[in-house]
Amino acid sequence: MSRTKPIDRVRNIGIIAHIDAGKTTVTERVLYYTGRTYKIGEVHEGTAVMDWMAQERERGITITAAATSAEWADHVINIIDTPGHVDFTVEVERSLRVLDGGVVVFDAVHGVEPQSETVWRQADRYRVPRICFVNKMDRVGADYWRTIDMIDERLGGKPLPIQLPIGAEDTFEGVIDLIEEKAWTFPPGQDVEPVGGPVPPELVADVAKHRENLIEKTAEVDDQLMISYVEGHEVTTTELKKALRRATIANLATPVLCGAALRNKGVRSLLDAVIAYLPAPDEVPPVSGTHPDSGEPLERAPNDDEPFSALAFKIVSDPYVGRLAYFRVYSGHISEGDAVYNTAQGEKERFGRLLRMHANSREDITDVYAGDIAAAIGLKNTSTGDSLCDPAKPILLENITFPEPVVSRSIEPKTKEDQDRLGESLHRLSEEDPTFRARYDKETGQTIISGMGELHLEVIADRLQREFRVDATIGRPEVAYKETITRPTKGKGRFVRQTGGHGQFGVVDIEIEPREQNAGFEFVDATKGGSVPREYVSAVEAGVKQALETGPLGGYPVLDVAVRLLDGQHHPVDSSEMAFRNAGILAIREVMKHAEPVLLEPIMKLEISVPDNFFGEVLGDVNSRRGQVLGVEPRGKLQIISALLPLAESFGYTTDLRSLSQGRATHSMEFGHYAEVPSSVAETVAGGRVADPARA
C-alpha cells in the first residue's frame, strides 16, 4: 500500500507551552477546523478530546501527551498536545525528540512564564524549528509587544511578528497579515469564516513600518533575501514567505502570530503558518546514530527506500488493546506483521497491529512510512527510547535522557489482593513514565515511589486505584536527597574469604573524585599488567555502582563522581566475579569516609505573581522558607517575584500562598538544580537515616 500523502506534504508538530497558556484549547480548534472533530471540546467543561484521561478532565490540565492527525490545505499534520505542568515535563521531552516543528503558545497577559522557558530550552536541545502563537489577546492586560520583547530577551528566540493585532483586550477584533498586507477580522461564531479586507487607513503607516522591519530582520538571516534587499528590489510576498521559511527551518528566526483560541480567533491563520513555515520530514537533517557493534557513525535519510529505522518514544498500557508502543519512523517503511531488530535490547521484535492514534481512540493501518508517527501492538520488549530497525541494517539512535525524580512517598497496599497487584501495576506505570520510579526499602519494609512532584505522585496514586484497582495508602511527601563528595580520595577494598573448598579473593585499589554538577558517574579502568583480569573489571564497576546507591550520610544515592580502578590483586583459583564485586563495594565504603561527603537537596525555581498590597507578606514568607530572591519585576498592578526555594520548604506552598494573598497571588514552580544542604539542616535530615558503614 502506498502512502496517502507525499512526504513533503507531512508536518509533525507539537503544541508546547506553560500551563494554562491555552495549548489544548488551540488543539481542539485545530481539530474542529480541519474536520477531525464535529464539535469543539472545551477544557473547562471537561469535554476536550485531547484531555481524555479522567484525571485530566477533573483537574482541567493536560497530564499525558496525546497524539492525533488532521488534514489542512492538502497536507497531513501529525499533532502532539503536550502538558504544561512541570511535573509532566517528561512528556514534552520525549515528544520534542521525535517532532520536526513546534507551536509555542504564550499567554498574552503573562508573556514568557517559567515553564515556557523550560519547553523552549528543550526545543533548543533538539533543534526543533518553531513558530509562536500569542494567545488570549482578548483578555484584560493582554500585551502583544511585551510578549514579543520577552521572547527576545528571556528566550533569545529571534521573534519576527508576521501579524499585527487589530485592537486588544475587549476590542480585539482581528489581525493584519504583514506579509500579504491584508486585514482579517473575526466575526462572532465558531463556524463564521474570517473576513479579509484592506488595511484600515489609521494603521497603514504602522503596517508599512513593521513590514519593512520584518523584511530587514529576515534579510539579516537569509542570504537570498539580503541580495534583493541590498540591491533595492521590491520584495514580493512569495519571496518573503520562502525566505522566512528557510530562516525558520534553520532555527534563525521564529515567526509570531496572535489570536484568541477560546473565541475561535486566529486558529486558521496559525494552521496556514504551520504549513508555510514549519518543515516537512524531508527538510530536516538525516537522523544520525551508530552501528550497535562497531560504534561506526551512521545516518538515515528521510526516504521510503532507505533501510527502516524508528524510535519508540512512548509506552502506554491501553485498557482495550494492551501494551502500545508509540514510534516515529525516520527512514524506510514497515508493514503489519514485519519483524524488526531492537538494537537497544539486542532482540528481534515483530509488529502486530499498526495504529494511527487520535487521543485515546485508534484506527488500524497496514503500513507506516518515513516521517510518520504511529503506534504498534506486539512490541513486548521495547521501552521508551529504544531504536527499531531493519535486522539486516542495524542502527542505534540517540536515546532520550530524562531528569531524576525529586519527590518520594511511601505506598502501603490495604489488602493481600492489593499487595499482589501492586508490584505489576508499578512496573507497568514505570514502563510508561521514565521519571517515575518504585523500589522496596529493606530498612523500613516499605515500597517507595518517586516522581517529579506532588501532583505527579497524586496522579500515579489515582491511576493505581482507577485503572489497576489497587487500593493503597500514600505517605507524606519526602524529598529525594542525594549525596556527593568534595575531595578526591584513594582507598583499598579487600574481600578475602577461606571456607574449606574454593575461597573468595579480590583486592582493588581505587580513587574517587568529584565531578561537575550533572556530569554523572564515570568509571575508568587504569590498571596495568593485568593486576585485575579484564573479565573482573565489570564486576568491580558493578560493585562500585551498587555501593554508590547508598551514601554514608543518610543512605541517599551518590551523584557526580568519577571512580578510577588503579590496581588490584587476584588469585588464579579463588578469584571470582563475586569477590571483585564485593571488593568494589568495600573500597567505596572505605574511600567515602575520607572524601568529605555532603548532602544535596533539590532547589526549585519559583515565580510568584502577587498584587502590590500583599507583596511584603509574600516576600517575607519566601525568605522564611530559606528562599533566595533573584529579582522583582513590576508587571501592571502585579509584582513578579523570581526566587529559588528548597523543595523541602515548598510542600503545601499553594495553600499558604492563597492564605497570605486572599487567593489573589499565583505561582509556578519547576526543578532547578541540586545544591548543598546547610549543615544545620543536614544534621536533621540525616538524623536517624545514617547508613551503617559496616553493613555488607
Side-chain angles (χ1 to χ4, degrees), residues 5-13 30 33-34 70-77 100-104 127-134 144 148 151-152 157-166 174-184 193-199 203-204 206-259 266-284:
K5 296 283 184 201
I7 195 168
D8 62 348
R9 291 187 177 272
V10 175
R11 300 289 184 273
N12 293 316
I13 66 164
V30 166
Y33 290 127
T34 57
E71 291 198 17
W72 182 258
D74 200 30
H75 286 68
V76 171
I77 306 176
D100 302 322
V103 175
V104 190
R127 294 196 53 76
V128 175
R130 66 216 82 145
I131 59 178
C132 298
F133 183 70
V134 180
Y144 182 59
I148 288 172
I151 294 170
D152 185 20
K158 303 186 185 77
L160 293 181
I162 61 173
Q163 289 181 345
L164 294 187
I166 302 175
V175 298
I176 295 171
D177 185 331
L178 289 176
I179 296 175
E180 297 187 348
E181 296 181 278
K182 189 174 183 180
W184 292 95
E193 294 276 341
V195 178
V199 175
L203 294 176
V204 168
D206 216 19
V207 168
K209 181 185 78 172
H210 284 292
R211 189 176 194 274
E212 181 65 22
N213 185 60
L214 172 63
I215 294 171
E216 186 179 321
K217 290 288 180 63
T218 307
E220 287 176 7
V221 293
D222 185 79
D223 292 341
Q224 292 184 45
L225 190 66
M226 175 62 82
I227 294 169
S228 296
Y229 184 72
V230 169
E231 292 180 354
H233 299 157
E234 183 182 348
V235 176
T236 65
T237 297
T238 303
E239 196 176 0
L240 180 54
K241 274 188 173 181
K242 287 181 177 179
L244 195 54
R245 177 179 181 80
R246 289 192 295 268
T248 304
I249 292 173
N251 271 301
L252 299 173
T254 311
V256 184
L257 303 90
C258 62
V267 177
R268 290 179 176 90
S269 55
L270 176 63
L271 280 165
D272 291 336
V274 166
I275 303 300
Y277 305 117
L278 292 180
D282 62 348
E283 292 177 295
V284 296

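Residue numbers run from 1 in the order of the sequence given. If you're wondering where the values come from, they're calculated on a predicted model, not measured in any experiment.
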Scan Ile131, Ile151, Val134 and name whichever one has a side-chain contact (heavy atoms from CB on, under 4.5 Å) with Pro159.
->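 One option only clears the test, and that one is Ile151.
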Can you spot which of Val76, Thr34, Ile77 makes a side-chain contact (heavy atoms from CB on, under 4.5 Å) with Glu71?
->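 It is Val76, the one option of Val76, Thr34, Ile77 that forms the side-chain contact (heavy atoms from CB on, under 4.5 Å) with Glu71.
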Does a side-chain N-to-carboxylate-O contact under 4.0 Å join Arg246 and Glu283?
->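 No, this pair does not count.
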Within 6.0 angstrom of Lys217 NZ, more than 12 heavy atoms from elsewhere |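 No.
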Donor-acceptor pair, Asp222 side chain versus Ala247 backbone, under 3.5 Å?
->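 No; judged by distance alone, with no hydrogens or angles, the pair does not exist.
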Are the side chain of Arg11 and the backbone N or O of Ile275 linked by a donor-acceptor pair below 3.5 Å?
->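 Confirmed, Arg11 side chain pairs with Ile275 backbone.
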Find out whether [X] and [Y] are in side-chain contact, i.e. whether some heavy atom of one side chain is under 4.5 Å from a heavy atom of the other.
X      : Y      : value
Ile162 : Tyr277 : yes
Ile179 : Leu244 : yes
Lys5   : Asp74  : yes

Which atom of [X] lies closest to which atom of [Y], heavy atoms considered:
X      : Y      : value
Tyr144 : Pro161 : OH-CB, 3.6 Å
Ala280 : Asp100 : C-OD2, 4.4 Å
Val235 : Arg211 : O-NH2, 4.0 Å

